[in-house]
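Model, not experiment: these values are computed from the prediction. Atom set for the values below is all heavy atoms of this structure, side chains included, hydrogens, waters and symmetry mates excluded. Here is how names work: the chains are called A, B, and so on, in the same order as the sequence lines, proteins then strands, and each is numbered from 1.
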Number of protein chains: 2
Amino acid sequence: MRARPTETDFQRQAEICRSHALSLTVQRRSVLEELAGRSDHPTADDVFEAVRRRLPEISRTTVYRVLETLVRVGVARRVCHPGSAARYETRMRRHHHLVCLQCEAMIDLDDPSLDGLPLPNPSSGFRIEDYSIQFRGICPECIKRGSVRRKSPKPGKAAAGGEA
Amino acid sequence: MRARPTETDFQRQAEICRSHALSLTVQRRSVLEELAGRSDHPTADDVFEAVRRRLPEISRTTVYRVLETLVRVGVARRVCHPGSAARYETRMRRHHHLVCLQCEAMIDLDDPSLDGLPLPNPSSGFRIEDYSIQFRGICPECIKRGSVRRKSPKPGKAAAGGEA
DNA sequence: ATTACGAATGGAATTAATTGTCAAGCAGGA
DNA sequence: TCCTGCTTGACAATTAATTCCATTCGTAAT
């Protein structure tokens with residue numbers, strides 16, 4: 001799966017924070033490490049639950065706030081997810097997502113052949129800066145267990161079907 | 001700019017409902033017409049507010065329920081939108097989206113050259129059924145009024161009703 | 001037309017998700 | 001050390017989404 005956040009990654013991210021006059025507090029550091037350390041696009045609450053194991057005093061408010069801050073400075077991104085809660089990721093390089101229509105899992109997809117798409121030039125005057133493709137389908141797990149149910153019990157970890 | 005929902009469109013959608021043993025009640029009909037008649041990917045609440053103008057007694061619950069039903073039978077789709085509440089659309093043919101990073105407007109993009117992307121064959125065994133590209137950038141309106149603020153006052157509506 | 005029954009609805013209440021407020025804590029410079 | 005501003009945590013307030021349930025509607029059989 002996803003490569004662990006290298007020390008280099010972290011240093012770069014920390015540097016970005018610093019360049020925005022943000023001190024790297026334990027809370028910020030914890031949230032960032034947690035988010036960078038997983039590739040499953042967790043919700044704010046997922047992050048909160050995970051971080052609080054190591055930092056029991058952290059508050060939910062702070063996690064929401066830190067996530068928003070990380071997004072603002074460009075270290076993290078809020079990803080598209082048709083489920084109800086917002087999800088986050090720290091991979092800022094171009095990549096795409098496989099979204100399972102059944103269990104809502106969201107899996108990163110790297111495919112260099114998709115990274116050089118000719119950008120459309122909409123007559124509207126819209127200035128395109130980046131793009132990301134969402135591939136919808138059925139994940140291996142769901143294929144395995146048959147195609148009956150929609151959505152896993154708790155959208156806790158993956159996400160679901162929507163669209164880009 | 002989006003073509004008005006033709007009678008044909010509506011008939012096809014109604015047919016789908018019927019095939020799922022769903023009677024076309026005024027509420028369902030109103031929600032469907034409203035949703036099909038706009039191209040701005042409204043939230044459930046946007047739809048509620050709009051429909052209630054013509055059908056004052058309709059309840060929010062019903063709108064949420066109808067939208068979910070329409071999605072279930074395949075007449076509508078819940079679209080991905082980072083931030084803000086879930087949004088819906090009835091255009092089921094392949095198309096893509098321009099998403100404004102500032103005001104969060106979401107605009108449909110048709111571009112045949114993007115419709116035949118070679119589907120990746122992820123080693124994971126994920127079975128891809130469809131895809132959609134999200135182009136992020138700045139919309140004409142936001143370019144015009146300068147690039148200062150993030151997010152318009154209310155993410156509720158984005159470009160709505162009558163786009164040319 | 002009347003009855004019966006399941007589908008569908010409305011509205012309140014509830015839960016989940018997110019944001020806002022504000023006082024207290026901590027860090028660094030004057 | 002004192003002042004000042006950045007951060008945080010507790011909690012209130014919103015906003016979004018869902019659940020509950022009694023009532024109503026539609027349709028078919030009577």
Rounded to whole Å, please give me the gap between [atom1] in [X] and [atom2] in [N].
X	N	atom1	atom2	answer
B:Asp45	D:dT15	CG	C1'	9 Å
B:Leu67	D:dA16	CG	C1'	13 Å
A:Arg29	D:dT8	CZ	C1'	18 Å
B:Phe48	C:dT9	CZ	C1'	13 Å
A:Glu68	C:dA17	CD	P	18 Å
B:Asp46	D:dT15	CG	C1'	13 Å
A:Arg60	C:dA16	CZ	P	10 Å
A:Leu24	D:dT8	CG	P	10 Å

Original post:
When you check the phosphate oxygens OP1 and OP2 of D:dT27, does a side-chain N or O of B:Ser23 lie under 4.0 Å from one of them?
Top reply: no

**OP:** Ignoring backbone atoms, test whether A:Tyr64 places a side-chain nitrogen or oxygen under 4.0 Å from the OP1 or OP2 oxygen of C:dT19.
**Re:**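 For C:dT19, OP1/OP2 do not have a side-chain N/O of A:Tyr64 under 4.0 Å.
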
Original post:
Below 4.0 angstrom, N of the basic side chain to O of the carboxylate: do B:Asp108 and B:Arg93 qualify?
Top reply: no

Original post:
Is a salt bridge present between B:Arg38 and B:Glu34, judged by a nitrogen-to-oxygen distance below 4.0 Å?
Top reply: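 Salt bridge between B:Arg38 and B:Glu34, a charged N being under 4.0 Å from a carboxylate O: yes.
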
**OP:** Using only heavy-atom distances, determine whether the side chains of B:His95 and B:Glu89 contain a donor-acceptor pair under 3.5 Å.
**Re:**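 There is such a pair (donor and acceptor under 3.5 Å, judged by atom type) between the side chains of B:His95 and B:Glu89.
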
Subject >> Side-chain H-bond candidate by donor/acceptor type, B:His97 with B:Gln134, under 3.5 Å >> reply: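 Judged by distance alone, the side chains do not pair up.
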
Original post:
Nearest of C:dT9, D:dT7, C:dT18 to any side-chain atom of A:Leu22?
Top reply: D:dT7

Original post:
Base, backbone or nothing for each nucleotide of nucleotides 9-14 of chain D, written B, S, -, heavy atoms under 4.0 angstrom, 5' to 3'?
Top reply: BBB---

Original post:
Any side-chain heavy atom of B:Ile133 sitting closer than 4.5 Å to one from B:Leu117?
Top reply: yes

Subject >> Check against side chain to side chain donor-acceptor pair (under 3.5 Å), A:Asp111 and A:His96 >> reply: CA-CA 8 Å; A:Asp111 186 332; A:His96 312 289; over 6 Å; no

**OP:** Would you indicate what B:Ala44 reaches in the nucleic acid, counting non-hydrogen atoms under 4.0 angstrom: base, sugar-phosphate, or nothing?
**Re:** nothing

Subject >> Over-ring placement of A:Arg77 relative to A:Tyr88, 6.0 Å and 45° cut-offs >> reply: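 No.
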
